[in-house]
Amino acid sequence: MSRAVRLMELADRLRSADTTTVGTLAHDLGVSARTVLRDLATLRERGMPISGEVGPGGGVRLEGSRGVTAVHLGVAEIVTLWLAAQLARAGSELPWSSSASRALTKLLASLPKPRAAQLRALSRRVFVGPMASEAVRTSAGPPPAELLRIFEEAFSAGLGLRFAYRDREGKVTARRVEPHGLLVQSPVWYVLARDLEKGEPRMFRMDRIRAPAKLEGHAFRPDRAVLDALVGDMPGFSPLAT
């Protein structure tokens with residue numbers, strides 16, 4: 001992330017914690033302790049009342065009021081909140097779940113038009129449906145740890161994916177796909193894709209994917225026809241945004 005974004009993230013973390021450490025901040029931000037110390041000095045110069053022990057590993061805290069006048073959320077962060085609210089309502093009605101949906105609608109309305117359009121375009125490719133069947137829940141395992149990050153990057157940037165895929169009979173094949181959409185049946189999710197070898201829409205269950213990687217040289221534009229072919233006739237499924 002850029003230094004400006006990192007400084008905002010650091011300020012938000014200080015506001016959200018009573019006391020933290022330089023080591024924890026460095027780990028969470030993915031930078032060195034020395035970088036955190038420099039950034040803390042910058043925030044102090046800008047007027048933030050930061051106090052605590054000096055040096056790597058020292059405890060730091062924000063003194064006084066922790067009120068936030070503005071919250072800076074990226075499109076991916078808003079989609080995460082939106083998806084969490086939708087999943088809560090899809091599984092069962094929980095306290096405040098309807099309020100969460102209303103709050104996120106207000107948040108969308110408050111965004112600048114270009115970012116709101118970007119958010120809606122991304123959300124229209126994410127479908128949430130009923131909870132997975134007991135048979136699927138019983139047989140499903142966790143996705144590979146690296147898949148979430150790689151899928152998010154490829155899905156958002158419009159890049160192809162390659163991976164090894166094990167079908168229901170246990171046969172493993174190499175796949176090259178365009179990830180046009182995401183279908184969620186908690187706790188399982190599926191990649192809605194165009195298979196580049198077959199040229200046809202295909203659905204891939206996340207826990208059957210292994211060794212995922214981005215196809216850096218293959219860019220694509222999201223194609224609604226792929227999504228319609230895979231989920232258009234499925235009852236109970238709807239995109240996050242319409």
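Side chains included, hydrogens not; waters and symmetry mates left out as well; all remaining heavy atoms used. Counting begins at 1 with the first residue of the sequence. No experiment lies behind these values; they were computed from the predicted model shown.
- Between the side chains of R137 and S186, not a single donor N or O lies within less than 3.5 Å of an accepting N or O.
- You'll find the side chain of T35 reaches within 4.5 Å of the side chain of R6, heavy atoms only.
- V188 approaches A132 most closely through the heavy-atom pair CG2-CB, 4.4 Å.
- The distance from atom CD of E200 to atom NZ of K198, rounded to the nearest 0.5 Å, is 7.5 Å.
- Linking Ile, Leu, Val, Met, Phe, Trp and Tyr whenever their side-chain heavy atoms come within less than 4.5 Å leaves L215 and F204 in two separate clusters.
- Under the 4.5 Å side-chain criterion, counting only non-hydrogen atoms from C-beta, D28 is not in contact with E9.
- In terms of heavy atoms, R125 sits closest to P179 at NH2-O, 3.1 Å.
- By the 6.0 Å contact criterion, CD on E134 is open, its count of non-hydrogen atoms from other residues, nucleotides or ligands being 12 or less.
- In this structure, E169 does not pair ionically with K171, as no charged nitrogen and carboxylate oxygen lie closer than 4.0 Å.
- Side-chain N or O atoms of R44 include one that pairs as donor or acceptor with a backbone N or O of I50 at under 3.5 Å.
- Inter-residue side-chain proximity for L29 and L10 is flagged as met; some heavy-atom pair is nearer than 4.5 Å.
- F163 and L196 fall into different hydrophobic clusters, where Ile, Leu, Val, Met, Phe, Trp and Tyr are joined by side-chain heavy atoms under 4.5 Å apart, directly or via other members.
- Annotation: the span from H27 atom NE2 to T21 atom OG1 amounts to 11.0 Å, rounded to 0.5 Å.
- Side-chain rings of F127 and W189 stay apart, their centers remaining 6.0 Å or farther from each other.
- Within the structure, every pair that satisfies the salt bridge (charged side-chain N to carboxylate O under 4.0 Å, His left out) test and touches residues 173-182, not counting sequence neighbours, is listed here: R175-D195, R176-E197, E178-R194.
- Residues L62 and R15 form a side-chain contact, since some pair of their non-hydrogen atoms from C-beta on lies under 4.5 Å apart.
- One distance of note links CZ of F220 with CG of L159; it measures 7.5 Å at 0.5 Å rounding.
- Rounding to the nearest 0.5 Å places CG of L192 at 12.0 Å from CG of D223.
- Among all heavy-atom pairs drawn from P212 and E146, the shortest one is CD-OE2, 3.4 Å.
- At a threshold of 4.5 Å between non-hydrogen side-chain atoms, the residues V191 and L182 do not count as touching.
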Practice task
Could you check R13 against T24 for side chain to side chain donor-acceptor pair (under 3.5 Å), going step by step and ending with a plain yes or no?
Solution key: CA-CA 10 Å; R13 289 179 183 275; T24 297; over 6 Å; no
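- For the pair R202 and V177, the minimum side-chain heavy-atom distance is 4.5 Å or more.
- The minimum heavy-atom distance between T20 and L14, with the atom names listed, is CG2-CD2, 4.2 Å.
- Checked for salt-bridge contact, R208 and D167 miss the test: no charged N lies under 4.0 Å from a carboxylate O.
- Taking the six-membered ring for Trp and the full ring otherwise, F155 and H180 have centroids separated by 6.0 Å or more.
- Between D207 and S139, the closest heavy-atom pair is OD2-O, 4.2 Å.
- Distance check: Y190 OH to I209 CD1 gives 11.5 Å after rounding to the nearest 0.5 Å.
- Hydrophobic clustering (side-chain heavy atoms under 4.5 Å, transitive across Ile, Leu, Val, Met, Phe, Trp, Tyr) keeps V172 apart from L147.
- Taking each heavy atom of L43 and A11 in turn, the nearest pair found is CD1-N, 4.2 Å.
- To the nearest 0.5 angstrom, M8 atom CE is 8.0 Å from D12 atom CG.
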